[in-house]
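Just below is one structure, and these are the notes that go with it.
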Amino acid sequence: MDVLVTGGSRGIGKAIVDLFTINGHSVYSPTRKELDLSQPIKLDKCEFDIVINCAGINPIKKLEDISDDEVMRINYYSPLEIIQQCIPHMVCNRYGRIINIGSIWIDLIKPGRLAYSASKNALHSLTKSTTAEFGYHNILSNTISPGFIETDLTYQNNTKEQLDLLACQIPLGRLGLPNEVAKLAYQLTVDNNYISGQNIIIDGGYSCTIY
């Protein structure tokens, strides 16, 4: 299958690219230079069977500092524009699978996460709307919401002491691995024919037992 993955240069995105490639799929994962998500999107190629919107940013901002900035542009508007451009091909083929990478901060919140949480909530609404409008064409769309995964973004926004404490608060006793998220993305696309419109959390149980 032809697969589009944004944010495929590192972390979860790279793990997704590697897994699909190993399994024989044709993967297009543009670099930031090739596809600038901070600007309106215009894809050179739109003929994909699977679209995985993985790229995102998570700057820590106080409520009083939030304005119309690039968080919503990159985390919500760019996936919206990508889906808008790829949907016609999926409708024509009567087949499509879409994954939007969300976050546990869709349902949870803590100081400094308003912009990020708002963008990821909007992203999941996009997932549900895509399901409602295009499910009839055999197009399935789901959100995967990771918790604390061993990625550069996680280490960027948390100190080692904070991550050690978080690991103790996660029922499984550790942070997640990027390839564990990638395996879920693979199952929800290649192996899935009926799950759609869902926000599937992968966080080791953290959101069930917040201390």
Side-chain angles (χ1 to χ4, degrees), residues 1-37 39-56 74-103 106 120 122-146 149 151 177-202:
M1 294 186 184
D2 290 324
V3 185
L4 170 63
V5 181
T6 66
S9 63
R10 60 181 181 173
I12 292 171
K14 185 177 186 305
I16 291 172
V17 169
D18 290 346
L19 182 59
F20 276 85
T21 301
I22 289 170
N23 282 279
H25 300 278
S26 176
V27 181
Y28 173 54
S29 182
T31 64
R32 184 176 300 178
K33 184 177 180 180
E34 294 170 324
L35 187 65
D36 184 357
L37 300 182
Q39 302 297 321
I41 300 297
K42 182 63 176 74
L43 294 174
D44 294 329
K45 174 186 175 182
C46 302
E47 295 77 28
F48 297 101
D49 307 299
I50 297 171
V51 170
I52 301 177
N53 290 304
C54 189
I74 291 175
N75 291 0
Y76 171 66
Y77 284 110
S78 66
L80 169 62
E81 291 164 358
I82 288 170
I83 290 172
Q84 286 173 329
Q85 293 172 47
C86 291
I87 277 284
H89 172 76
M90 294 179 175
V91 170
C92 183
N93 283 357
R94 289 198 56 77
Y95 182 91
R97 300 292 184 267
I98 297 168
I99 296 292
N100 293 315
I101 300 298
S103 169
I106 287 176
K120 292 300 185 178
L123 186 64
H124 183 49
S125 292
L126 173 59
T127 292
K128 293 189 289 186
S129 293
T130 304
T131 295
E133 294 186 29
F134 296 99
Y136 180 77
H137 298 282
N138 191 32
I139 297 171
L140 280 58
S141 180
N142 288 287
T143 299
I144 293 177
S145 287
I149 309 297
T151 66
L177 302 175
N179 71 323
E180 291 172 319
V181 182
K183 289 177 182 178
L184 179 57
Y186 195 88
Q187 292 169 350
L188 287 172
T189 52
V190 177
D191 299 330
N192 175 34
N193 292 308
Y194 201 63
I195 301 170
S196 194
Q198 303 306 303
N199 179 25
I200 299 171
I201 297 171
I202 176 168

Practice task
Look up atom OG1 in T189 and atom CG in L184, then write down how far apart they are to the nearest 0.5 Å.
Solution key: 9.0 Å
Handout entry: Considering all heavy atoms, the nearest G11-T151 contact
Key = CA-CG2, 4.1 Å
Exercise for the section: Just do the side-chain contact (heavy atoms from CB on, under 4.5 Å) check on L43 and L35 with the steps written out, would you? Expected result: CA-CA 8 Å; L43 294 174; L35 187 65; 4.0 Å; yes
Handout entry: H89 side chain reached by C46 side chain, heavy atoms, under 4.5 Å
Key = no
Problem - Nearest-0.5 Å distance that lies between atom OH in Y28 and atom CD in E34 - result: 5.0 Å
Practice task
Tell me, with the steps shown, if I99 and I16 meet side-chain contact (heavy atoms from CB on, under 4.5 Å).
Solution key: CA-CA 11 Å; I99 296 292; I16 291 172; over 6 Å; no
Practice task
Find out whether L123 and P79 are in side-chain contact, i.e. whether some heavy atom of one side chain is under 4.5 Å from a heavy atom of the other.
Solution key: yes
Exercise for the section: To the nearest 0.5 angstrom, please state how far the OG1 atom of T127 sits from the CD1 atom of I83. Expected result: 6.5 Å
Practice task
With the side chain counted from C-beta on, respond yes when D49 and Y95 share a heavy-atom pair under 4.5 Å apart, and no when they do not.
Solution key: yes
Exercise for the section: Kindly indicate whether the side chain of I195, heavy atoms from C-beta on, has any atom under 4.5 Å from the side chain of L140. Expected result: no
Practice task
Using atom types as modelled and distance alone, determine if a side-chain donor or acceptor of S26 lies under 3.5 Å from a backbone N or O of M1.
Solution key: no
Problem - Test item: I149 and P178 side chains (from C-beta on) under 4.5 Å apart, heavy atoms - result: yes
Exercise for the section: Check for a donor-acceptor pair, side chain of N53 on one end and backbone N or O of A55 on the other, with a separation under 3.5 Å. Expected result: no
Problem - Nearest heavy atoms of S29 and G8, plus distance in Å - result: OG-CA, 3.2 Å
Practice task
Ignoring hydrogens and angles, tell me if any N or O in the side chain of D191 forms a donor-acceptor pair with the backbone of Q187 under 3.5 Å.
Solution key: no
Problem - Under 3.5 Å donor-acceptor, E180 side chain and I202 backbone - result: no
Completion exercise
Heavy atoms of C54 and I101 approach each other most closely as CA-CG1, 3.7 Å
Exercise for the section: Over all heavy atoms of both residues, which pair between M90 and R97 is shortest? Give the atoms and the distance, please. Expected result: CE-O, 4.0 Å
Handout entry: Under the ring pair (Phe, Tyr, Trp, His ring centres under 6.0 Å) test, residues paired with Y186 that sit two or more places apart
Key = F20, H25
Handout entry: S141 (side chain) donor-acceptor with T131 (main chain) under 3.5 angstrom
Key = no
Practice task
Look up atom CG in N193 and atom CG in N138, then write down how far apart they are to the nearest 0.5 Å.
Solution key: 7.0 Å
Practice task
State the CG-CG distance between L80 and N75, to the nearest 0.5 angstrom.
Solution key: 13.0 Å
Completion exercise
Of all heavy-atom pairs linking A122 and Y76, the shortest is O-CE1, 3.4 Å
Practice task
Name all pairs fulfilling the salt bridge (Lys or Arg N to Asp or Glu O under 4.0 Å) condition that reach into residues 77-92, sequence neighbours left out, sorted by first residue then second.
Solution key: R73-E81
Problem - Validation row: N179, L19 side chains within 4.5 angstrom (heavy atoms) - result: no
Handout entry: R94 to Y136, cation-pi by 6.0 Å centre distance and 45° axis angle
Key = yes
Completion exercise
When rounded to the nearest 0.5 Å, the distance separating CG of L4 from CD1 of I50 is 10.5 Å
Problem - pair I87-T130: side-chain heavy atoms closer than 4.5 Å - result: yes
Problem - N142 side chain to Q198 backbone, donor-acceptor under 3.5 Å - result: yes
